[in-house]
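Quick caveat, the model's predicted, so the values are computed rather than measured. Numbers restart at 1 for each chain; the letters A, B, ... are given by sequence-line order, proteins then strands.
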2 protein chains.
Amino acid sequence: MTEGAIDHGSPVPVYRQIAARIIADIERGTLAVNRKIPSESDMVQEYGVARETARNAVRFLRDEGYVFTVPHRGTYVTDRTVEGPSGSGG
Amino acid sequence: MTEGAIDHGSPVPVYRQIAARIIADIERGTLAVNRKIPSESDMVQEYGVARETARNAVRFLRDEGYVFTVPHRGTYVTDRTVEGPSGSGG
DNA sequence: CATCATTTGTTCGTATGTATC
DNA sequence: CGATACATACGAACAAATGAT
């Protein structure tokens, strides 16, 4: 199947659908730590969405701690094996 | 007169207004086949727009078949007297 | 080959206007 | 009205390739 298309009729926002794909790639290891995820433009072309939507997906991933963005460079996969919101404890 | 200014208040997007001028120059012969059209920087200074807007104009012209771009060289006027998507008919 | 100027390519940041749900 | 989404537009920075010298 591969079901590679975005479902605009779904109750799940498009940006969340895109974010879910990226997360899946991260969990799966397809997108390794410190590797660059697709650029906003890539997502625009890949999914046929507006840049605004691609940005929302990236912002969501950032808020969730999956990635971090370097201005004018790109967005990369966060190393969650060491980093944490409250230090090394836990 | 020369009315050389871009109308930001027009419902016609700025990039379309710029593209229209280039097209007019091509139709008129001011910009001959295989001649280089103004660079993105030229348009930025000439029309006082952002590079993004200049690029949108070029992309539009490319999509319409009026020009073709050579990376790091420039964008040139297409020879439409011979080239065509469905042959020489037309 | 090295340097400089030109030009397009890439990428993220920000804002406005419009439309839909 | 708020969230989502698309189109347009300006701003900023860095990358890569080309061409002249």
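Remark: B:Arg73 pairs with no residue by the side chain to side chain donor-acceptor pair (under 3.5 Å) rule, at least two apart or across chains. Shown here are the side-chain contact (heavy atoms from CB on, under 4.5 Å) partners of B:Thr69, two or more places apart in sequence or in another chain: B:Val58, B:Arg62, B:Thr75.
Listed by residue number, the members of residues 33-42 of chain A with any heavy atom below 4.0 angstrom from DNA chain C are A:Lys36, A:Ser39, A:Glu40. Heavy-atom distances under 4.0 Å link DNA chain D to B:His8, B:Pro13, B:Val14, B:Tyr15 of residues 7-18 of chain B, given in residue order. Residues from residues 50-58 of chain B lying near DNA chain C, meaning a heavy-atom separation below 4.0 Å, are B:Arg51, B:Arg55 in numerical order.
The list of ring pair (Phe, Tyr, Trp, His ring centres under 6.0 Å) pairs with a residue in residues 52-80 of chain B, not counting sequence neighbours, reads B:Phe68-B:Tyr76. Within the structure, salt bridge (charged side-chain N to carboxylate O under 4.0 Å, His left out) pairs that include any residue of residues 24-34 of chain B comprise B:Asp25-B:Arg28 (at least two apart or interchain).
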Per-pair distances, 0.1 Å, donor-acceptor, side chain in residues 34-45 of chain A, under 3.5 Å, sequence neighbours excluded:
from: A:Ser39; atom 1: OG; to: A:Ser41; atom 2: N; distance (Å): 3.4
from: A:Ser39; atom 1: OG; to: A:Asp42; atom 2: N; distance (Å): 3.0
from: A:Ser39; atom 1: OG; to: A:Asp42; atom 2: OD2; distance (Å): 3.2
from: A:Glu40; atom 1: OE1; to: A:Arg51; atom 2: NE; distance (Å): 2.9
from: A:Glu40; atom 1: OE1; to: A:Arg51; atom 2: NH2; distance (Å): 3.1
from: A:Glu40; atom 1: OE2; to: A:Arg55; atom 2: NH1; distance (Å): 2.7
from: A:Asp42; atom 1: OD2; to: A:Ser39; atom 2: N; distance (Å): 3.1

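Annotation: side chain of A:Arg59 is not in contact with side chain of A:Tyr15 (no heavy-atom distance under 4.5 Å). Looking only at side-chain heavy atoms (C-beta outward), B:Ile22 and B:Leu31 come within less than 4.5 Å of each other.
On the nucleic acid side, DNA chain D has its first and last nucleotide under 4.0 Å of a heavy atom of chain B at D:dT8 to D:dG19, going 5' to 3'. Protein chain B touches strand DNA chain C; the 5'-most and 3'-most nucleotides with an atom under 4.0 angstrom of its non-hydrogen atoms are C:dT7 to C:dT10.
Remark on DNA chain C: of its neighbouring residues A:Gly74 and B:Thr75, the 5'-side contact belongs to B:Thr75, judged by nearest-heavy-atom nucleotide.
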